[in-house]
Amino acid sequence: MNSDNSNDSETSQPVTPSNDDCCHNACDPCIFDIHRKLLEQYERKKKLNIKVQNRNNLLCSFLYKNFVVINKTVVSECYILLCLKYQEHKSRNDASLLINPGQHVMLHLKDATKPLTPISWTDDSIQFLIKLYHNGKFNTYLKNIKLGDEIRIRGPYGNFKYKSNSFQNIIMFSMGSGITAVYPIAKSIVDNELEETKIHLIGGFQNILQIPLKKELQDLSDYWNFKCTLYISQLRNNAYNLHGINIKSGRLNNLTISKMLEDNINNTTLILICGTNEFNRSVEQWTRCMNHTYIHVFE
């Protein structure tokens, strides 16, 4: 069920997925969960006679679409950049990839599935920054993947939407690969010439070699409204310099985070958090203790 007439539509009844469309890997969300929600939305809009224009998205939230690997680049000690291109026939000239910065998709490779947040995309291609772990079926497949290999994608998912100039400051706390969720949001704001919001991206990594997106973060640092601070827990050379990026020795903990937030006004600051489950819970708790209420956690 990968034909283009199955694009997400808000005016026609959602197509019911077949058993073959489910990978049976206990994905969250499962395509049948997505279909159930879309069907509920369709019935509600039908009852209220609400009509919404089709989005013409090449992606579909409950059906996998075929993409092919067009580039794979090692960018740091344990990260790769993977670029995929849409391979199916585009039935409509205006159809394109529609993704909000910070949203994620599900990637299906052979018999393994993994949720990933894209860091950039065009009308028909999508790029991921992926941390490679030593174990796991999906990571084993990725290590051996070649140009021209096929990966299936469905989505996007995630309810974060940013309204331009709705905050004076955005503080982004990320740990490791969590930077993939906040980086595209930062870039979209910096690229908007009408934006007056100031961004401070604060990330944590074990060592210098594990820092991905060095060049991309340095490029953003050239703009007046972007600042980047990276905490390195195993920093051997305290004099290490990375142009445009503030490198600090240590970890992101209650003390360092409180220090970062002490000069920010609560009701004009948005806090974004992405990392491990433990990191997310801790940082959210620490920021709420400082009376911050505008907080979004990327799970």
Side-chain angles (χ1 to χ4, degrees), residues 71-83 99-104 116-122 126-132 160 162 167-193 195-252 256-257 259-261 264 269-276 279-280 283 296-298:
N71 193 25
K72 175 184 175 183
T73 307
V74 178
V75 293
S76 69
E77 185 180 65
C78 55
Y79 288 89
I80 63 168
L81 277 176
L82 189 69
C83 189
I99 304 171
N100 292 323
Q103 285 189 308
H104 69 278
L116 290 171
T117 303
I119 62 168
S120 64
W121 51 91
T122 65
I126 186 168
Q127 185 169 237
F128 299 92
L129 174 70
I130 306 174
K131 184 175 182 178
L132 296 179
F160 177 79
Y162 171 72
F167 293 92
Q168 291 183 8
N169 297 282
I170 299 179
I171 312 297
M172 303 173 167
F173 293 109
S174 70
M175 177 63 67
S177 59
I179 196 172
T180 59
V182 296
Y183 168 77
I185 298 170
K187 190 175 189 310
S188 68
I189 293 174
V190 169
D191 286 344
N192 185 352
E193 295 181 354
E195 273 285 358
E196 297 180 357
T197 302
K198 294 181 180 179
I199 303 167
H200 191 177
L201 192 158
I202 304 165
F205 296 94
Q206 282 190 343
N207 58 62
I208 294 294
L209 296 178
Q210 288 188 1
I211 302 175
L213 302 176
K214 291 188 182 74
K215 179 64 168 57
E216 289 81 357
L217 292 174
Q218 287 177 308
D219 289 342
L220 290 184
S221 297
D222 289 336
Y223 290 82
W224 69 272
N225 59 337
F226 181 84
K227 180 180 177 181
C228 182
T229 302
L230 300 181
Y231 281 84
I232 311 300
S233 59
Q234 300 174 5
L235 187 63
R236 297 179 179 179
N237 181 8
N238 291 329
Y240 185 88
N241 181 45
L242 197 57
H243 175 74
I245 299 176
N246 187 17
I247 300 293
K248 290 181 174 290
S249 177
R251 299 176 182 273
L252 280 173
T256 55
I257 288 176
K259 185 72 174 175
M260 288 289 180
L261 293 177
N264 288 273
T269 301
L270 172 64
I271 308 292
L272 302 181
I273 306 168
C274 190
T276 63
F279 176 83
N280 291 349
V283 177
H296 184 90
V297 179
F298 295 93

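Taking the side chain as every heavy atom from C-beta outward, L201 and I179 approach each other to under 4.5 Å. No side-chain heavy atom of E196 sits under 4.5 Å from any side-chain heavy atom of N225. Looking at heavy atoms from C-beta onward, P212 lies in side-chain contact with F205 at the 4.5 angstrom threshold. Side-chain contact check for F173 versus L261: some heavy-atom pair is nearer than 4.5 Å. Residues L217 and F226 have side chains in contact (heavy-atom distance under 4.5 Å, counting atoms from C-beta outward). Counting only heavy atoms from C-beta outward, the side chains of I202 and T256 never approach each other to under 4.5 Å.
Annotation: the span from C228 atom SG to I199 atom CD1 amounts to 11.0 Å, rounded to 0.5 Å. Residue M175 holds its CE atom at 6.5 Å from OG1 of T276, rounded to the nearest 0.5 Å. Interatomic distance, CG of L242 versus CD of Q218, reported as 4.5 Å (0.5 Å rounding). Taking CD1 of I171 as the reference point, atom CD1 of I271 lies at 5.5 Å (rounded to 0.5 Å). Rounded to the nearest 0.5 Å, atoms CG (L270) and CG (N264) are 11.0 Å apart. For the atom pair CD (E77) and CD (Q210), the distance works out to 5.0 Å, reported to the nearest 0.5 Å.
Atom NZ of K198 has 12 or fewer neighbouring heavy atoms from other residues, nucleotides or ligands inside a 6.0 Å radius.
Among all heavy-atom pairs drawn from M260 and Y231, the shortest one is CE-OH, 3.2 Å. Minimum interatomic distance between K131 and Y79 (heavy atoms only, all atoms of both residues): CB-CE2, 3.4 Å. Contact between A186 and L220 at its shortest, heavy atoms only, is CB-CD1, 4.4 Å. Nearest heavy-atom pair across A181 and C274 is CB-SG, 3.7 Å. Looking at every heavy atom in both residues, K248 comes nearest to L235 through C-CD2, 4.3 Å. Residues N207 and I232 come closest through the heavy atom pair CA-CG2, 3.5 Å.
Side-chain contact of Y162 with T197: a donor-acceptor pair under 3.5 Å is present, judged by distance alone.
Ring planes of H296 and F160: tilted class, angle from 30 to 60°.
The one candidate from I273, T117, L272, N280 that meets the side-chain contact (heavy atoms from CB on, under 4.5 Å) condition with F298 is L272. Checking V75, D219, I119, T180 one by one against L213, the side-chain contact (heavy atoms from CB on, under 4.5 Å) holds for a single residue, I119.
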